[in-house]
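Computed from heavy atoms alone, side chains included, the values below leave out hydrogens, waters and symmetry copies. Position 1 is the first residue of the sequence; numbering continues from there.
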Amino acid sequence: MSTVSLLIPLLVAAAPIAQAPGAEPNTDQRCTVTRPPLPAGMTGWARRAPLAAGTSTRSAPVIVVGHGADLRLAPVEQVTPAVAPQREPDMGETAGLALFQVARPGTYRVALGDAAWIDVVRAGRALAASAHGHGPACSGIRKMVDFQLEPGRYVLQLSGTKASSLPVMIARARRVAA
């Protein structure tokens, strides 16, 4: 028996059997060796703290702008949204709410580590996003959405995901030179 025929069963056994639902395959081998720099203002992404998302605005925790959190979400049927989500959630999905405070007017970026619907709510209405994008490859940031915000308190409403926990960060976006 050749060495190659002995190694094949070992290689098959070492291969992953199944991937977690919603997880994207890591096809870029560079991701296992090096981490890219995070976008400006997003260094808090690397130091996220666990936090239970609220099931209503009354139970919503506060996320500090510039600090990351791993928000533990709840089944969508247990969540009372601040406003009706722009996308109707499906059964089996999760959702959650958090509050955040803006001190200075400007562009604020909501970054997520997985797919989810983002609503930023103030005074009972969802605000329009000013830009959408993705994080750098291998950063763990899957989605970034910008909002033009004035000083005040806001509700971050997340829905439309199957994730039980969602990496989240809200940061003031850096100005880009024209």
Side-chain angles (χ1 to χ4, degrees), residues 22-24 26 28 30-31 34-54 57 60-74 76 79 81-87 89 93-178:
E24 291 183 5
N26 183 2
D28 189 343
R30 293 174 296 178
C31 294
T34 134
R35 292 253 184 231
L38 291 167
M42 300 296 291
T43 56
W45 182 262
R47 297 179 310 278
R48 296 185 309 272
L51 193 61
T57 55
V62 174
I63 293 179
V64 177
V65 171
H67 292 76
D70 285 324
L71 277 182
R72 192 171 56 254
L73 303 175
V76 71
V79 177
V83 297
Q86 294 180 28
R87 180 197 156 277
E93 289 184 335
T94 57
L97 305 169
L99 305 175
F100 66 99
Q101 184 76 29
V102 167
R104 295 182 300 161
T107 302
Y108 287 80
R109 179 164 294 147
V110 178
L112 301 180
D114 203 349
W117 191 264
I118 299 170
D119 287 305
V120 171
V121 180
R122 184 163 191 208
R125 72 181 236 292
L127 306 177
S130 60
H132 298 81
H134 299 280
C138 306
S139 69
I141 301 172
R142 177 168 176 172
K143 180 178 187 176
M144 296 190 303
V145 181
D146 290 355
F147 295 88
Q148 296 297 319
L149 303 178
E150 295 297 323
R153 180 155 265 194
Y154 293 84
V155 177
L156 175 64
Q157 179 172 283
L158 302 171
S159 61
T161 184
K162 301 263 186 199
S164 59
S165 182
L166 190 60
V168 176
M169 186 173 164
I170 302 164
R172 185 172 166 85
R174 301 292 186 234
R175 291 182 186 220
V176 178

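- Taking each heavy atom of Leu73 and Ala95 in turn, the nearest pair found is CB-O, 3.5 Å.
- A distance-only check finds a donor-acceptor pair linking the side chain of Arg172 to the backbone of Pro105 [under 3.5 Å].
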Requested in this report: Take Leu158 and Leu112 through the test side chain to side chain contact (heavy atoms under 4.5 Å, CB included) and record every step on the way to the result.
Outcome: CA-CA 10 Å; Leu158 302 171; Leu112 301 180; 4.1 Å; yes
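- Side-chain N or O atoms of Ser130 include one that pairs as donor or acceptor with a backbone N or O of Asp146 at under 3.5 Å.
- Side chain of Gln157 to backbone of Val83: a donor-acceptor contact under 3.5 angstrom is found.
- Summarising the geometry, atom CZ belonging to Arg122 is positioned 8.5 Å from atom CG belonging to Leu127; distances are rounded to the nearest 0.5 Å.
- Annotation: cation-pi pair Arg48/Trp45 present, NZ/CZ under 6.0 Å from the ring centroid and within 45° of its normal.
- Nearest heavy-atom pair, Ser159 versus Pro85, reported as atom, atom and distance to 0.1 Å: OG-CB, 3.9 Å.
- The distance from the CG atom of Leu71 to the CG atom of Leu97 is 10.0 Å, given to the nearest 0.5 Å.
- Contact detail for Ala171 and Gly41: the closest heavy-atom pair is CB-O, 3.5 Å.
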**Report entry** Stepwise side chain to side chain contact (heavy atoms under 4.5 Å, CB included) check, Leu51 with Val168
**Finding:** CA-CA 10 Å; Leu51 193 61; Val168 176; over 6 Å; no
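- Thr57 and Leu99 get closest at one heavy-atom pair: O-CD1, 4.3 Å.
- Going from atom CZ of Arg47 over to atom CE of Met169 covers 8.0 Å, rounded to the nearest 0.5 Å.
- His134 places a side-chain N or O within 3.5 Å of a backbone atom of Arg142 that can act as its donor or acceptor partner.
- Of the possible donor and acceptor atoms, none in the side chain of Thr161 sits under 3.5 Å from a partner among the backbone N and O of Thr94.
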Query raised in the report: Hey, mind stepping through Phe100 and Leu149 against side chain to side chain contact (heavy atoms under 4.5 Å, CB included) and telling me if it holds?
Result: CA-CA 11 Å; Phe100 66 99; Leu149 303 178; 3.8 Å; yes
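- Between Arg153 and Val62 there is a side-chain heavy-atom pair separated by less than 4.5 Å.
- Across all their heavy atoms, Ala163 and Asp114 have their closest contact at CB-OD2, 3.9 Å.
- Shortest non-hydrogen contact noted between Tyr154 and Val120 is CD2-CG1, 3.8 Å.
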